[in-house]
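Since the model is a prediction, treat every value here as computed from it, not as a measurement. These values consider heavy atoms only, across backbone and side chains, with no hydrogens, waters or symmetry-generated copies. Along the sequence shown, residues carry numbers from 1.
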Amino acid sequence: MRPMTSPLLLSPSPCRLLRRLFSRAPRRRNPTTPRPLAPHLGRRLPLHLPASMSYSSVGTPDCVVADADALARKVAAIRAAGLAKLQVIADFDGTLTRYWYDGSRGQSSHGLLRQGNEEFDAKREALFEHYHPIEINPDIPLPEKAKLMEEWWGKTHGLLIEGGLTQEAIKKSVADAAIAFRDGVVELFEFLEARDIPVLVFSAGLADIIEEVFRQKLHRSFKNIKIVSNRMVFNEEGCLVAFKGKTIHVLNKNEHSLDMAAPVHDSLGDPNGSVDDYSLVKKRTNVLLLGDHIGDLGMSDGLNYENRIAAGFLNTNIEKSLKDYSEAFDIVYLNDASMRGVVELVSDLCP
(Lines give C-alpha, C1' and ligand atoms only; values in the text may rest on other atoms or scores of the structure.)
Protein backbone atom coordinates (compact mmCIF):
# COMPACT_ATOMS: atom_id res chain seq x y z
CA MET A 1 0.00 0.00 0.00
CA ARG A 2 1.13 3.57 -0.61
CA PRO A 3 1.05 6.48 1.83
CA MET A 4 -0.04 9.88 0.62
CA THR A 5 2.77 11.40 -1.40
CA SER A 6 2.22 14.88 -0.02
CA PRO A 7 0.30 16.34 2.91
CA LEU A 8 -3.08 17.89 2.14
CA LEU A 9 -4.37 20.80 4.14
CA LEU A 10 -7.91 20.97 5.44
CA SER A 11 -10.01 23.23 3.27
CA PRO A 12 -11.00 26.66 4.67
CA SER A 13 -14.52 25.27 5.25
CA PRO A 14 -14.04 22.06 7.25
CA CYS A 15 -16.52 19.27 6.62
CA ARG A 16 -19.66 19.08 8.71
CA LEU A 17 -18.48 16.06 10.68
CA LEU A 18 -15.28 17.75 11.86
CA ARG A 19 -17.04 21.04 12.57
CA ARG A 20 -19.47 19.10 14.76
CA LEU A 21 -16.67 17.26 16.53
CA PHE A 22 -14.66 20.41 17.23
CA SER A 23 -17.70 22.39 18.33
CA ARG A 24 -19.02 19.76 20.73
CA ALA A 25 -15.80 18.70 22.44
CA PRO A 26 -12.66 20.47 23.66
CA ARG A 27 -9.49 20.19 21.62
CA ARG A 28 -7.75 18.49 24.54
CA ARG A 29 -9.28 16.86 27.58
CA ASN A 30 -8.16 15.34 30.85
CA PRO A 31 -8.05 11.58 30.14
CA THR A 32 -9.13 10.77 33.68
CA THR A 33 -12.32 12.83 33.48
CA PRO A 34 -15.43 10.62 33.47
CA ARG A 35 -17.37 10.78 30.26
CA PRO A 36 -21.02 9.65 30.07
CA LEU A 37 -21.83 7.03 27.46
CA ALA A 38 -25.09 5.30 26.68
CA PRO A 39 -24.90 1.51 26.62
CA HIS A 40 -27.44 -0.67 24.83
CA LEU A 41 -29.88 -0.81 27.76
CA GLY A 42 -30.23 2.96 27.93
CA ARG A 43 -28.36 3.52 31.22
CA ARG A 44 -25.64 6.17 31.22
CA LEU A 45 -22.35 5.04 32.67
CA PRO A 46 -19.17 7.07 33.26
CA LEU A 47 -16.27 6.19 31.00
CA HIS A 48 -12.92 6.45 32.78
CA LEU A 49 -10.19 6.62 30.16
CA PRO A 50 -6.88 5.12 31.33
CA ALA A 51 -4.09 7.53 32.11
CA SER A 52 -2.05 6.15 29.21
CA MET A 53 -4.54 7.71 26.78
CA SER A 54 -2.86 11.09 26.73
CA TYR A 55 -3.52 11.78 23.06
CA SER A 56 -5.51 14.70 21.72
CA SER A 57 -9.09 13.50 21.43
CA VAL A 58 -12.28 15.03 20.14
CA GLY A 59 -15.68 13.46 19.80
CA THR A 60 -19.36 13.37 20.65
CA PRO A 61 -21.18 11.16 23.16
CA ASP A 62 -21.38 8.40 20.53
CA CYS A 63 -17.99 8.64 18.80
CA VAL A 64 -14.30 9.28 19.47
CA VAL A 65 -11.65 10.68 17.12
CA ALA A 66 -8.12 10.31 18.46
CA ASP A 67 -6.41 12.45 15.80
CA ALA A 68 -8.79 14.97 14.25
CA ASP A 69 -6.05 16.60 12.16
CA ALA A 70 -5.17 13.30 10.48
CA LEU A 71 -8.84 12.59 9.81
CA ALA A 72 -9.28 16.05 8.33
CA ARG A 73 -6.36 15.52 5.96
CA LYS A 74 -7.79 12.20 4.79
CA VAL A 75 -11.24 13.70 4.24
CA ALA A 76 -9.73 16.53 2.20
CA ALA A 77 -7.64 14.13 0.11
CA ILE A 78 -10.58 11.84 -0.68
CA ARG A 79 -12.84 14.78 -1.54
CA ALA A 80 -10.21 16.20 -3.87
CA ALA A 81 -9.78 12.87 -5.69
CA GLY A 82 -13.48 12.59 -6.49
CA LEU A 83 -16.14 9.88 -6.45
CA ALA A 84 -14.48 7.73 -9.13
CA LYS A 85 -11.65 6.92 -6.73
CA LEU A 86 -13.79 5.95 -3.71
CA GLN A 87 -15.05 2.56 -2.55
CA VAL A 88 -16.49 1.24 0.72
CA ILE A 89 -15.40 -2.01 2.35
CA ALA A 90 -17.59 -3.24 5.21
CA ASP A 91 -17.75 -6.13 7.62
CA PHE A 92 -21.23 -7.61 8.08
CA ASP A 93 -21.87 -9.06 11.55
CA GLY A 94 -21.75 -6.40 14.26
CA THR A 95 -20.94 -3.69 11.73
CA LEU A 96 -23.81 -3.46 9.28
CA THR A 97 -25.96 -5.36 11.77
CA ARG A 98 -26.74 -4.40 15.34
CA TYR A 99 -24.75 -5.95 18.14
CA TRP A 100 -27.75 -5.88 20.48
CA TYR A 101 -31.25 -7.06 19.57
CA ASP A 102 -34.17 -6.43 21.96
CA GLY A 103 -31.78 -6.17 24.91
CA SER A 104 -29.86 -9.35 24.13
CA ARG A 105 -26.86 -10.21 21.95
CA GLY A 106 -28.00 -10.34 18.34
CA GLN A 107 -27.28 -13.38 16.22
CA SER A 108 -24.55 -13.54 13.58
CA SER A 109 -25.16 -14.71 10.04
CA HIS A 110 -23.49 -18.00 10.95
CA GLY A 111 -25.02 -18.35 14.41
CA LEU A 112 -28.61 -17.90 13.27
CA LEU A 113 -28.53 -20.98 11.06
CA ARG A 114 -30.73 -23.93 12.06
CA GLN A 115 -30.38 -26.70 9.54
CA GLY A 116 -33.49 -28.59 10.60
CA ASN A 117 -31.49 -31.34 12.27
CA GLU A 118 -31.07 -30.99 16.03
CA GLU A 119 -28.19 -33.48 16.15
CA PHE A 120 -26.10 -31.49 13.69
CA ASP A 121 -27.08 -28.13 15.20
CA ALA A 122 -25.75 -29.45 18.52
CA LYS A 123 -22.53 -30.63 16.88
CA ARG A 124 -21.93 -27.20 15.36
CA GLU A 125 -22.60 -25.60 18.74
CA ALA A 126 -20.03 -27.94 20.32
CA LEU A 127 -17.47 -26.82 17.72
CA PHE A 128 -18.21 -23.20 18.64
CA GLU A 129 -17.66 -23.92 22.34
CA HIS A 130 -14.30 -25.52 21.53
CA TYR A 131 -12.90 -23.11 18.93
CA HIS A 132 -14.32 -19.71 19.93
CA PRO A 133 -12.09 -19.41 23.03
CA ILE A 134 -9.15 -20.10 20.70
CA GLU A 135 -10.34 -17.36 18.33
CA ILE A 136 -10.40 -14.70 21.05
CA ASN A 137 -7.26 -15.87 22.91
CA PRO A 138 -4.58 -13.18 22.32
CA ASP A 139 -1.77 -15.49 23.51
CA ILE A 140 -2.02 -17.93 20.60
CA PRO A 141 0.33 -17.00 17.70
CA LEU A 142 -1.56 -15.93 14.57
CA PRO A 143 -0.13 -18.64 12.26
CA GLU A 144 -1.20 -21.35 14.70
CA LYS A 145 -4.58 -19.70 15.24
CA ALA A 146 -5.17 -19.37 11.49
CA LYS A 147 -4.69 -23.13 11.04
CA LEU A 148 -7.18 -23.82 13.82
CA MET A 149 -9.71 -21.41 12.32
CA GLU A 150 -9.35 -23.17 8.97
CA GLU A 151 -9.97 -26.44 10.81
CA TRP A 152 -13.06 -25.05 12.56
CA TRP A 153 -14.61 -23.68 9.39
CA GLY A 154 -13.87 -26.93 7.52
CA LYS A 155 -15.55 -29.07 10.18
CA THR A 156 -18.55 -26.74 10.33
CA HIS A 157 -19.02 -26.76 6.56
CA GLY A 158 -18.77 -30.55 6.60
CA LEU A 159 -21.53 -30.80 9.19
CA LEU A 160 -23.79 -28.53 7.14
CA ILE A 161 -23.40 -30.83 4.14
CA GLU A 162 -23.70 -34.06 6.12
CA GLY A 163 -26.71 -32.76 8.03
CA GLY A 164 -28.63 -32.04 4.86
CA LEU A 165 -28.91 -28.24 4.94
CA THR A 166 -31.50 -26.94 2.46
CA GLN A 167 -32.29 -23.57 0.96
CA GLU A 168 -35.67 -23.67 2.71
CA ALA A 169 -33.93 -24.12 6.07
CA ILE A 170 -31.89 -20.98 5.37
CA LYS A 171 -35.03 -18.97 4.61
CA LYS A 172 -36.73 -20.17 7.79
CA SER A 173 -33.62 -19.55 9.90
CA VAL A 174 -33.43 -15.92 8.73
CA ALA A 175 -37.16 -15.40 9.24
CA ASP A 176 -36.84 -16.60 12.86
CA ALA A 177 -33.51 -14.89 13.56
CA ALA A 178 -32.70 -12.19 16.11
CA ILE A 179 -30.78 -10.07 13.59
CA ALA A 180 -31.33 -6.56 12.28
CA PHE A 181 -29.46 -3.90 10.35
CA ARG A 182 -28.36 -0.72 12.10
CA ASP A 183 -30.56 2.32 11.70
CA GLY A 184 -29.24 4.33 8.78
CA VAL A 185 -27.90 1.38 6.76
CA VAL A 186 -30.51 1.79 4.02
CA GLU A 187 -29.83 5.52 3.87
CA LEU A 188 -26.11 4.80 3.51
CA PHE A 189 -26.64 2.22 0.75
CA GLU A 190 -29.01 4.51 -1.15
CA PHE A 191 -26.55 7.40 -0.95
CA LEU A 192 -23.70 5.24 -2.28
CA GLU A 193 -25.81 3.57 -4.98
CA ALA A 194 -26.96 6.94 -6.33
CA ARG A 195 -23.30 7.90 -6.81
CA ASP A 196 -22.14 4.53 -8.22
CA ILE A 197 -19.77 3.95 -5.30
CA PRO A 198 -19.13 0.20 -4.90
CA VAL A 199 -19.60 -1.51 -1.55
CA LEU A 200 -17.76 -4.75 -0.76
CA VAL A 201 -19.30 -6.64 2.17
CA PHE A 202 -16.74 -9.03 3.67
CA SER A 203 -17.74 -11.81 6.01
CA ALA A 204 -16.32 -15.02 7.40
CA GLY A 205 -19.91 -16.27 7.47
CA LEU A 206 -22.04 -17.61 4.64
CA ALA A 207 -22.86 -15.54 1.56
CA ASP A 208 -26.17 -17.31 0.94
CA ILE A 209 -27.39 -16.43 4.44
CA ILE A 210 -26.22 -12.81 4.16
CA GLU A 211 -28.09 -12.46 0.88
CA GLU A 212 -31.21 -13.88 2.52
CA VAL A 213 -30.84 -11.39 5.39
CA PHE A 214 -30.67 -8.57 2.81
CA ARG A 215 -33.77 -9.89 1.09
CA GLN A 216 -35.89 -10.42 4.20
CA LYS A 217 -34.76 -7.51 6.38
CA LEU A 218 -34.26 -4.74 3.79
CA HIS A 219 -36.87 -5.87 1.24
CA ARG A 220 -34.90 -4.38 -1.62
CA SER A 221 -31.63 -4.72 -3.52
CA PHE A 222 -28.64 -2.52 -4.34
CA LYS A 223 -26.77 -2.92 -7.60
CA ASN A 224 -23.49 -1.59 -6.18
CA ILE A 225 -23.12 -4.13 -3.34
CA LYS A 226 -20.94 -7.23 -3.60
CA ILE A 227 -20.72 -10.05 -1.06
CA VAL A 228 -17.33 -11.62 -0.33
CA SER A 229 -18.00 -14.67 1.84
CA ASN A 230 -18.23 -18.45 1.83
CA ARG A 231 -20.60 -19.50 -0.93
CA MET A 232 -22.68 -22.67 -1.00
CA VAL A 233 -23.47 -24.97 -3.92
CA PHE A 234 -26.94 -26.57 -3.97
CA ASN A 235 -28.28 -29.37 -6.14
CA GLU A 236 -31.54 -29.25 -8.09
CA GLU A 237 -33.47 -30.36 -4.99
CA GLY A 238 -32.12 -27.38 -3.03
CA CYS A 239 -29.78 -29.43 -0.82
CA LEU A 240 -26.27 -28.27 0.04
CA VAL A 241 -23.64 -30.40 -1.68
CA ALA A 242 -20.44 -28.34 -1.55
CA PHE A 243 -18.79 -24.99 -0.93
CA LYS A 244 -17.29 -22.94 -3.73
CA GLY A 245 -13.69 -21.72 -3.68
CA LYS A 246 -11.36 -21.39 -0.74
CA THR A 247 -12.57 -20.96 2.81
CA ILE A 248 -12.85 -17.44 4.24
CA HIS A 249 -12.48 -17.36 8.03
CA VAL A 250 -11.99 -14.59 10.58
CA LEU A 251 -8.24 -14.32 9.99
CA ASN A 252 -8.06 -14.31 6.20
CA LYS A 253 -10.93 -12.18 4.91
CA ASN A 254 -9.40 -9.61 2.61
CA GLU A 255 -9.49 -8.50 -0.99
CA HIS A 256 -7.50 -11.54 -2.12
CA SER A 257 -10.85 -13.34 -1.87
CA LEU A 258 -12.52 -11.19 -4.53
CA ASP A 259 -13.00 -14.22 -6.75
CA MET A 260 -15.74 -15.32 -4.36
CA ALA A 261 -17.72 -12.09 -4.59
CA ALA A 262 -21.19 -11.96 -6.11
CA PRO A 263 -23.68 -9.15 -6.70
CA VAL A 264 -26.76 -8.70 -4.59
CA HIS A 265 -29.80 -8.05 -6.77
CA ASP A 266 -33.33 -9.29 -7.23
CA SER A 267 -32.36 -12.75 -8.48
CA LEU A 268 -29.19 -12.79 -6.34
CA GLY A 269 -27.23 -13.49 -9.50
CA ASP A 270 -25.23 -16.46 -10.68
CA PRO A 271 -22.56 -17.38 -8.10
CA ASN A 272 -20.48 -18.76 -10.96
CA GLY A 273 -20.71 -15.52 -12.92
CA SER A 274 -17.95 -13.17 -14.01
CA VAL A 275 -16.25 -10.79 -11.62
CA ASP A 276 -14.31 -8.84 -14.25
CA ASP A 277 -15.68 -5.59 -12.84
CA TYR A 278 -13.27 -5.98 -9.90
CA SER A 279 -10.49 -4.63 -12.07
CA LEU A 280 -12.39 -1.37 -11.70
CA VAL A 281 -12.65 -1.78 -7.93
CA LYS A 282 -8.90 -2.18 -7.64
CA LYS A 283 -8.47 1.17 -9.39
CA ARG A 284 -10.46 2.87 -6.63
CA THR A 285 -7.58 3.78 -4.38
CA ASN A 286 -9.49 5.68 -1.70
CA VAL A 287 -11.20 3.48 0.86
CA LEU A 288 -13.77 3.93 3.61
CA LEU A 289 -13.48 0.81 5.76
CA LEU A 290 -16.16 -0.18 8.28
CA GLY A 291 -15.57 -2.86 10.91
CA ASP A 292 -16.18 -3.87 14.50
CA HIS A 293 -12.91 -5.72 15.16
CA ILE A 294 -9.36 -4.45 14.80
CA GLY A 295 -8.73 -7.48 12.61
CA ASP A 296 -11.21 -6.06 10.09
CA LEU A 297 -8.54 -3.55 9.08
CA GLY A 298 -7.01 -6.39 7.07
CA MET A 299 -9.96 -6.31 4.65
CA SER A 300 -8.11 -3.70 2.60
CA ASP A 301 -4.82 -5.62 2.48
CA GLY A 302 -5.31 -6.55 -1.17
CA LEU A 303 -5.51 -2.93 -2.27
CA ASN A 304 -2.69 -0.56 -3.10
CA TYR A 305 -4.69 2.29 -1.60
CA GLU A 306 -3.67 5.93 -1.33
CA ASN A 307 -6.02 7.03 1.45
CA ARG A 308 -8.04 4.98 3.89
CA ILE A 309 -10.46 6.15 6.55
CA ALA A 310 -11.19 3.35 9.01
CA ALA A 311 -14.40 3.65 11.02
CA GLY A 312 -14.83 1.19 13.88
CA PHE A 313 -17.91 0.18 15.85
CA LEU A 314 -17.03 -0.55 19.47
CA ASN A 315 -20.16 -2.29 20.65
CA THR A 316 -19.19 -3.60 24.10
CA ASN A 317 -16.31 -3.68 26.63
CA ILE A 318 -15.77 -0.01 25.87
CA GLU A 319 -13.54 0.98 28.77
CA LYS A 320 -11.27 -2.01 28.17
CA SER A 321 -11.03 -1.65 24.39
CA LEU A 322 -11.35 2.07 23.62
CA LYS A 323 -7.63 2.81 23.70
CA ASP A 324 -6.78 0.06 21.20
CA TYR A 325 -9.72 0.93 18.94
CA SER A 326 -8.88 4.64 18.98
CA GLU A 327 -5.31 3.89 17.94
CA ALA A 328 -6.43 1.51 15.17
CA PHE A 329 -9.43 3.37 13.71
CA ASP A 330 -9.67 6.99 12.57
CA ILE A 331 -13.10 7.30 14.15
CA VAL A 332 -14.80 5.00 16.66
CA TYR A 333 -18.57 4.77 17.10
CA LEU A 334 -19.59 3.64 20.57
CA ASN A 335 -22.36 1.66 22.25
CA ASP A 336 -23.82 -0.08 19.20
CA ALA A 337 -24.34 3.30 17.51
CA SER A 338 -26.52 3.79 14.46
CA MET A 339 -25.05 4.12 10.96
CA ARG A 340 -26.05 7.77 10.74
CA GLY A 341 -22.60 8.99 11.76
CA VAL A 342 -21.16 7.10 8.80
CA VAL A 343 -23.80 8.61 6.52
CA GLU A 344 -22.64 12.04 7.64
CA LEU A 345 -19.01 11.07 7.09
CA VAL A 346 -19.74 9.75 3.58
CA SER A 347 -21.62 12.92 2.66
CA ASP A 348 -18.48 14.86 3.59
CA LEU A 349 -16.35 12.62 1.41
CA CYS A 350 -18.57 13.19 -1.62
CA PRO A 351 -18.43 16.82 -2.87
Hydrophobic cluster membership, [X] vs [Y], 4.5 Å side-chain cutoff:
X      : Y      : answer
Leu218 : Ile179 : yes
Phe202 : Val250 : no
Val346 : Phe222 : yes
Ile170 : Ile161 : yes
Ile209 : Leu159 : no

Salt bridge or not for [X] and [Y], using N-O below 4.0 Å?
X      : Y      : value
Arg215 : Glu212 : yes
Arg220 : Glu190 : yes
Glu151 : Lys147 : no
Glu119 : Lys123 : yes

Derivation and outcome, salt bridge (charged side-chain N to carboxylate O under 4.0 Å, His left out), residues Glu211 and Arg231 | CA-CA 10 Å; Glu211 291 170 347; Arg231 186 162 294 279; 2.9 Å; yes

Of all residues at least two apart in sequence or in a different chain, which pass the side chain to side chain contact (heavy atoms under 4.5 Å, CB included) check with Asp196?
->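 In terms of side chain to side chain contact (heavy atoms under 4.5 Å, CB included), with neighbours along the sequence ignored, Asp196 is linked to Lys223.
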
Rounded distance (nearest 0.5 Å) linking atom [atom1] of [X] with atom [atom2] of [Y]:
X      : Y      : atom1 : atom2 : value
Ser173 : Arg114 : OG    : CZ    : 7.0 Å
Ile331 : Phe313 : CD1   : CZ    : 9.0 Å
Thr97  : Leu112 : OG1   : CG    : 10.0 Å
Ile78  : Cys350 : CD1   : SG    : 9.5 Å
Ile140 : Leu148 : CD1   : CG    : 6.5 Å
Thr247 : Asn252 : OG1   : CG    : 8.0 Å

Is there a donor-acceptor contact under 3.5 Å linking the side chains of Arg124 and Thr156?
->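 The criterion, which ignores hydrogens and geometry beyond distance, is not satisfied for Thr156 and Arg124.
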
Non-hydrogen atoms of [X] and [Y] that approach each other most closely:
X      : Y      : answer
Tyr101 : Ala178 : CD2-CB, 3.5 Å
Val185 : Met339 : N-CB, 3.9 Å
Gln107 : Gly111 : NE2-O, 4.0 Å
His249 : Ala146 : NE2-O, 3.8 Å
Ala204 : Asn230 : O-ND2, 3.2 Å
Leu86  : Leu288 : CD1-N, 4.2 Å

Taking the side chain as everything from C-beta on, heavy atoms only, tell me whether [X] gets closer than 4.5 Å to [Y].
X      : Y      : value
Arg284 : Pro198 : yes
Glu135 : Asn137 : no
Ile294 : Phe329 : yes
Asp93  : Ser203 : yes
Leu349 : Val75  : yes
Glu306 : Asn286 : yes
Val64  : Leu334 : yes
Ile248 : Val228 : yes

Test log, rule side chain to side chain donor-acceptor pair (under 3.5 Å), inputs Arg308 and Ser300 | CA-CA 9 Å; Arg308 183 187 72 179; Ser300 60; 2.9 Å; yes

Is it true that the NZ or CZ of Arg105 lies under 6.0 Å from the centre of Tyr99's six-membered ring and within 45 degrees of the ring axis?
->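 Verdict for Tyr99: a cation-pi partner in Arg105.
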
With a cut-off of under 6.0 Å to the ring centre and 45° to the axis, is Arg195 in cation-pi contact with Phe191?
-> yes

For a side chain to side chain donor-acceptor pair (under 3.5 Å) with Lys74, tell me which candidate from Asp69, Asn307, Asp330 qualifies.
->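 Between Lys74 and the candidates, side chain to side chain donor-acceptor pair (under 3.5 Å) is satisfied uniquely by Asp330.
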
Please confirm whether the backbone N or O of [Y] pairs with a side-chain atom of [X], one donor and one acceptor, at under 3.5 Å?
X      : Y      : answer
Thr95  : Phe92  : no
Asn235 : Cys239 : yes
Asn317 : Leu322 : no
Gln216 : Lys171 : yes

Decide yes or no on side-chain contact (heavy atoms from CB on, under 4.5 Å) for Leu206 and His110, but give the supporting numbers first.
-> CA-CA 6 Å; Leu206 299 164; His110 224 303; 3.9 Å; yes

With sequence neighbours excluded, residues passing ring pair (Phe, Tyr, Trp, His ring centres under 6.0 Å) with Tyr131 |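 So Tyr131 forms a ring pair (Phe, Tyr, Trp, His ring centres under 6.0 Å) with Trp152.
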
Decide side-chain contact (heavy atoms from CB on, under 4.5 Å) for Leu160 and Phe243; before the verdict, give the C-alpha distance in whole Å, the side-chain angles of both, and the deciding distance to 0.1 Å.
-> CA-CA 10 Å; Leu160 292 175; Phe243 282 82; 4.1 Å; yes

Residue that, paired with Arg98, satisfies salt bridge (charged side-chain N to carboxylate O under 4.0 Å, His left out) out of Asp292, Asp183, Asp336 =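 In the set Asp292, Asp183, Asp336, the residue that makes a salt bridge (charged side-chain N to carboxylate O under 4.0 Å, His left out) with Arg98 is Asp183.
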
Start with the C-alpha distance between Glu344 and Arg340, add both sets of side-chain angles, then the distance that settles salt bridge (charged side-chain N to carboxylate O under 4.0 Å, His left out), and finish with yes or no.
-> CA-CA 6 Å; Glu344 183 174 301; Arg340 302 197 184 281; over 6 Å; no

side-chain contact (heavy atoms from CB on, under 4.5 Å) evaluation trace for Leu290 with Tyr333 = CA-CA 10 Å; Leu290 310 177; Tyr333 298 98; over 6 Å; no

Could you give me the CA-CA distance, side-chain angles and deciding distance for Asp176 and Lys172, then say whether salt bridge (charged side-chain N to carboxylate O under 4.0 Å, His left out) is met?
-> CA-CA 6 Å; Asp176 297 338; Lys172 186 177 187 305; 2.7 Å; yes

Is the Phe181-Phe214 ring centre distance short of 6.0 angstrom?
-> yes

side-chain contact (heavy atoms from CB on, under 4.5 Å) between Val201 and Lys226: does it pass, once the steps are laid out?
-> CA-CA 6 Å; Val201 178; Lys226 309 283 184 176; over 6 Å; no

Heavy-atom neighbours of Glu118 CD exceed 12 at 6.0 Å |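 Count not over threshold, so no.
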
